[in-house]
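The structure presented is a predicted model; accordingly, all values stated were derived computationally and were not measured.
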Amino acid sequence: MSADTSAPIRVPEPPAPPPVPLSATTRLRASLRRAAPALGLYAAGRLIGLVCLAVWAGWVGKHPRTLLGYSWDSVWYVGIVRHGYTSTLPPDPAKHGVTFSDMAFFPLFPMLMRTLTTFLPITAVTAGLVVAWVSAGLAAWGIHAVGERLHGRRVGAALVVLWGLLPHAIVQSMAYTEPLLTALAAWSLYAVLTRRWLWAGTLALLAGASRPNGIAVVAAVCCCAAAEVLGRQASWRVWAGAALSPLGWLGYLAWVGYRRGSWHGYFAVQDEWGSRFDFGVNALRFVRHLLISKASFAYFVALVILGVALVLFALLTADRPPLSLLIYTLVLVTITLGGSNYFASKPRFLLPAFPLLLPVAVAMARARPRTAMLTGGALAGLSFVYGTYLLTVARIPM
C-alpha cells in the first residue's frame, strides 16, 4: 500500500519574540501602585500620631512644630544650615568635661535642608521637616519593595505598617536623619537584590554621607559584591558599585580629619561627645545601673526594645535572609549595642534596621485578619502614646 500523502504538513511556528524590557519609569509606577495601600496605611498612622502629639503638646503649652523640627539633634542641623560647620559648645562640667562639636553630624541632611531654603521661601526648621517627611515616605516605599521582593505584597505591606508603628516611630516625623538613612538603605538593598549594582553603590554612597551608621549599607554592598566576584565572572558594574559605596562615608571622615589636622579627627570628635565603640561595656554597666536604681521610664522601654531586637535578629538569622539584609542588620545592631552612652537613643539608632521586622511581618501576613488587626491596633496605641510621651513628658535626649 502506498503511504498517505494527504495529511497536512505542520509548519513550525516562529519563536515568540523576547519580552520588551520595561523602562525604569514604568517599573517605578507599577511598584508605587502595588505599594499604594501600604503607603496609605503608613501615612494614616503617622498622621494620627502627629494629631495625638499636637493635642497633648497644646495642652501642656508646647508647640508641636518646635518639638518635631527644633529639638535635640535638629537644633544642630539648623545651625549647620545657617552658619556651616562652625559651632562648638565649650566643655560641660556637669557632663565630665564633654565638648560638643557640630562636626559629629554628617552633611547630607543639612545639605538637603540648605538646598530647600535656597530655592523655596521656607525656614531651615520647615526644610528639615520636609526632608524628613519626604524621606519617610520614600523609606516606606523602599521597605515595601524589599518585603514584596522577598515574600510577596502582603508581607511588604505588613513590613511597612510595622515600621510605622514602632514605639519610637515618632522620630520618622521629626527633623532627624533616620528616615533619610532608611530610605537610602532600603532602596540600596533593593538594588542589590535586583542586581542593579551602580544604583546600589550610589545609594550606599549617599547613605554613608547621611549618618555614621550608614557604614552598614556600605558593608552590605561591598560584601555582596565580593560574593558576586567570587561566585562568578562579575561585570564592571559590580566593581564600580563596590568602589562607589564607601566614598560618602570615607569622604566626610577625610574632610573632618583635614579640618582637625589629624587622620582620626572624626573619631576624636565622637570621643569628645562621649561616644565611642567599646563593645557594649558601657551599655552593660548602664543596664546594671537601671536594675538597682531609679531612672526614667524611657530607659526601661529602651532596654526592652533592645532585648526584643536581639530576639528578632536571631529569628531573622534563622530564616536565612539574603546576605545583603543580614550584613546590613548585623552591622547596625553591632554599632548600636557596642556604642557607649546615649542609652535612651539606642532604639532610635535601630529605626533603620527594618529587616528585623521581617519575621513578624511574615507571621502577620499569615495570621487571620482579625488577629492581624488586633495586633496592629495594639501597636498603634503604644506607638502614639509613647511617641507623645517621649516628646512632651520625658526629659531625656532622643
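- With values rounded to the nearest 0.5 angstrom, K346 atom NZ is found 14.0 Å from L351 atom CG.
- Ring geometry for Y299 versus F343: interplanar angle of 30 to 60°, hence tilted.
- Remark: side-chain polar atoms of S188 are paired, donor with acceptor, to backbone N or O of A200 under 3.5 angstrom.
- The two residues V269 and A104 come nearest to each other via the heavy atoms CG1-N, 3.6 Å.
- A donor-acceptor pair under 3.5 Å links the side-chain atoms of W273 to the main chain of S101, judged by distance alone.
- With a 6.0 Å radius and a threshold of 12 heavy atoms from other residues, nucleotides or ligands, W239 has its CH2 atom at or below the threshold.
- For the pair V360/L312, a side-chain contact is recorded, criterion being any heavy-atom separation below 4.5 Å from C-beta on.
- No salt bridge links R154 with E148; every basic N to acidic carboxylate O contact stays at or beyond 4.0 Å.
- Between the side chain of T329 and the main chain of L326, no donor-acceptor pair closer than 3.5 Å is present.
- Residues W187 and W141 meet the side-chain proximity criterion, which asks for heavy atoms closer than 4.5 Å.
- At least one donor-acceptor pair closer than 3.5 Å links the side chain of T392 to the backbone N or O of T388.
- The aromatic rings of W249 and F267 stand perpendicular to each other, their planes meeting at an angle above 60°, with 30° marking the opposite boundary.
- Minimum heavy-atom separation, A158 to A361: CB-O, 3.8 Å.
- S340 places no side-chain N or O within donor-acceptor distance of the main-chain N or O of N282, the cut-off being under 3.5 Å.
- Although no hydrogens or angles enter the test, the distance criterion places no donor-acceptor pair under 3.5 Å between the side chain of Y42 and the main chain of P37.
- Relative orientation of the W56 and W59 rings is parallel, given thresholds of 30° and 60° on the angle between their planes.
- Note: the hydrophobic cluster containing F349 does not contain L332 (ILVMFWY, side chain heavy atoms under 4.5 Å, direct or indirect links).
- Using a 4.5 Å cut-off on side-chain heavy atoms (C-beta onward), F106 and S210 make no contact.
- Checked by atom type, the side-chain pair R196/T194 shows a donor-acceptor distance below 3.5 Å.
- Looking at T123 and T126, their side chains do bring a donor and an acceptor atom within 3.5 Å of each other.
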Quick one, F300 with F297, criterion ring-ring contact (aromatic ring centres under 6.0 Å, His included). Give me CA distance, side-chain angles, the key distance, then yes/no. CA-CA 5 Å; F300 292 98; F297 174 69; 7.7 Å; no
As a quick check of understanding, evaluate side chain to side chain contact (heavy atoms under 4.5 Å, CB included) for I396 and S296, giving each step before the final call. CA-CA 8 Å; I396 56 173; S296 171; 4.2 Å; yes
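- Residues F384 and I48 share a closest heavy-atom pair of CE1-CG2, 3.5 Å.
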